[in-house]
Amino acid sequence: MARPARVRKSTAPVAAPAVSTPQLGAPARPRTPGAARSARAARALARLVPTPTKTPFTLGYGLLLLATGVFADLGDPETVRALLAGSSTDVSHLAERPLLVLLASGAWVAGGLLSPSILLFLFVLASLERRVGGPRTAAIFLSGHVAATVLTEVPVAVSVAVGHLPESSLNRLDYGISYGLMASVGALAGLLRPLPRWSVLAVVGGMLATALRDSADPLTDWGHAIALLVGLACWPYVRQIHLRRTATR
């Protein structure tokens, strides 16, 4: 009678089930559309914040405005009034010391620290400086500040000379960064995409038209309009500079 065949048990180790482990250098998972939009928004917001390396002009100027704003709000009222009067770019001061008052008037913000112009200044100039550099941003700001001041004060001087305005019009309190800021807004608009560009100009233009219609302060309102036109005239220049800087990065 034949013996049954003996079945030998295998002594080879049984392989454990494979477990997938993350490997270094593996490609990251693709971002969801929401996460990508959030990342782009965060980068865009970061470009609005002044930094010592990317936007030194905006940061330094912003610190100056912060210091003068604190002094205007907390300093001795008589001293503050005297300094503001001495920094005014009215006809009398422009005739006596034009360079000094043109520079000094841009060191103050109308309304002090509570003015929204400070935040708008930081965001607009930081965006412009990142695209065209600090010296060119300073030149655009100064061009708007000087052009709007001169082109609004000269008619006042002429009107007083021919007797259309009283001599008291030669002395008025006129200071602040609004002319330079408006020129910077106009120049920056030329570097934006079409939708945000025309949206910004529509909002700003509407505000200027409303102010001119109400005639609460026509001299300043015309100054803002002139400064905006100065910024718009800078479009070919800033676009050329921006393209050149982008190509060299």
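Sequential numbering from 1 along the given sequence is applied to the chain's residues.
Rounded to the nearest 0.5 angstrom, Thr246 OG1 and Arg239 CZ are separated by 13.0 Å. Note that NZ of Lys54 and CD of Glu129 are 11.0 Å apart. Values are rounded to the nearest 0.5 Å. We find the CG-OG1 distance between Asp174 and Thr89 to be 3.5 Å, quoted to the nearest 0.5 Å.
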Donor-acceptor pairs are to be reported for all side-chain atoms of residues 98-110 against protein atoms at under 3.5 Å, with residues two or more places apart or in another chain.
{"from": "Ser105", "atom 1": "OG", "to": "Val101", "atom 2": "O", "distance (Å)": "2.9"}
{"from": "Ser105", "atom 1": "OG", "to": "Leu102", "atom 2": "O", "distance (Å)": "3.2"}
{"from": "Ser105", "atom 1": "OG", "to": "His145", "atom 2": "NE2", "distance (Å)": "3.1"}
{"from": "Trp108", "atom 1": "NE1", "to": "Ser87", "atom 2": "OG", "distance (Å)": "3.3"}

Side-chain donor-acceptor pairs under 3.5 Å in residues 221-234, sequence neighbours left out?
{"from": "His224", "atom 1": "NE2", "to": "Ser178", "atom 2": "OG", "distance (Å)": "2.9"}

Going by atom type alone, with no hydrogens or angles, which donor-acceptor pairs under 3.5 Å involve a side-chain atom of residues 186-212 and a protein atom two or more places apart or on another chain?
{"from": "Arg197", "atom 1": "NE", "to": "Ala189", "atom 2": "O", "distance (Å)": "3.2"}
{"from": "Arg197", "atom 1": "NE", "to": "Leu192", "atom 2": "O", "distance (Å)": "3.3"}
{"from": "Arg197", "atom 1": "NH2", "to": "Leu192", "atom 2": "O", "distance (Å)": "2.7"}
{"from": "Ser199", "atom 1": "OG", "to": "Leu195", "atom 2": "O", "distance (Å)": "2.7"}
{"from": "Thr210", "atom 1": "OG1", "to": "Gly206", "atom 2": "O", "distance (Å)": "2.9"}

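No continuous path of hydrophobic side-chain contacts links Val91 to Val146 [ILVMFWY only; heavy atoms under 4.5 Å]. Under a hydrophobic clustering in which Ile, Leu, Val, Met, Phe, Trp and Tyr are joined whenever their side-chain heavy atoms come within less than 4.5 Å, directly or via other members, Leu65 and Tyr179 fall into different clusters. Taking hydrophobic clusters as Ile, Leu, Val, Met, Phe, Trp and Tyr residues chained together by side-chain heavy-atom distances below 4.5 Å, Leu66 shares a cluster with Ile177. Leu113 and Leu181 fall within the same hydrophobic cluster, where Ile, Leu, Val, Met, Phe, Trp and Tyr residues are linked whenever their side-chain heavy atoms come under 4.5 Å apart, directly or through other members. Connection of Leu173 to Leu83 is established within a shared hydrophobic cluster, with ILVMFWY side chains joined at heavy-atom distances below 4.5 Å, either directly or through further cluster members.
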(message) The test is side chain to side chain contact (heavy atoms under 4.5 Å, CB included); show your working for Thr55 and Arg130 and say whether it passes.
(response) CA-CA 6 Å; Thr55 57; Arg130 285 179 180 272; 3.6 Å; yes

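Sequence neighbours left out, not one pair with a member in residues 155-168 passes side chain to side chain donor-acceptor pair (under 3.5 Å). The ring-ring contact (aromatic ring centres under 6.0 Å, His included) analysis of residues 55-95, with sequence neighbours excluded, yields the pairs Phe57-Tyr61, Tyr61-Phe121, Tyr61-Phe141. Sorted by first then second residue, the side chain to side chain donor-acceptor pair (under 3.5 Å) pairs that include residues 66-79, not counting sequence neighbours, are Asp76-Thr79, Glu78-Arg81.
Gln240 has its side chain out of reach of Pro236: every pair of non-hydrogen atoms, C-beta onward, lies at least 4.5 Å apart. Annotation: side chain of Asp217 is in contact with side chain of Leu219 (closest heavy-atom distance under 4.5 Å). Taking the side chain as every heavy atom from C-beta outward, Thr149 and Leu94 approach each other to under 4.5 Å. Put simply, the side chain of His242 does not reach to within 4.5 Å of the side chain of Leu128, judged on heavy atoms. Contact check for Arg136 versus Ile241: side-chain heavy atoms found under the 4.5 Å cut-off.
No donor-acceptor pair closer than 3.5 Å links the side chain of Asp90 to the backbone N or O of Asn171. Of the possible donor and acceptor atoms, none in the side chain of Ser88 sits under 3.5 Å from a partner among the backbone N and O of Ala85. When atom types are taken as modelled, the side chain of Thr248 and the backbone of Arg244 share a donor-acceptor pair closer than 3.5 angstrom. Thr137 contributes no side-chain N or O that, together with a main-chain N or O of Leu125, makes up a donor-acceptor pair within less than 3.5 Å.
The shortest heavy-atom contact between Ser215 and Pro218 is O-CD, 3.6 Å. Summarising the geometry of Ala157 relative to Leu170, their closest heavy-atom pair is CA-CD2, 4.3 Å, with the distance given to 0.1 Å. Ala148 approaches Thr152 most closely through the heavy-atom pair O-OG1, 2.7 Å.
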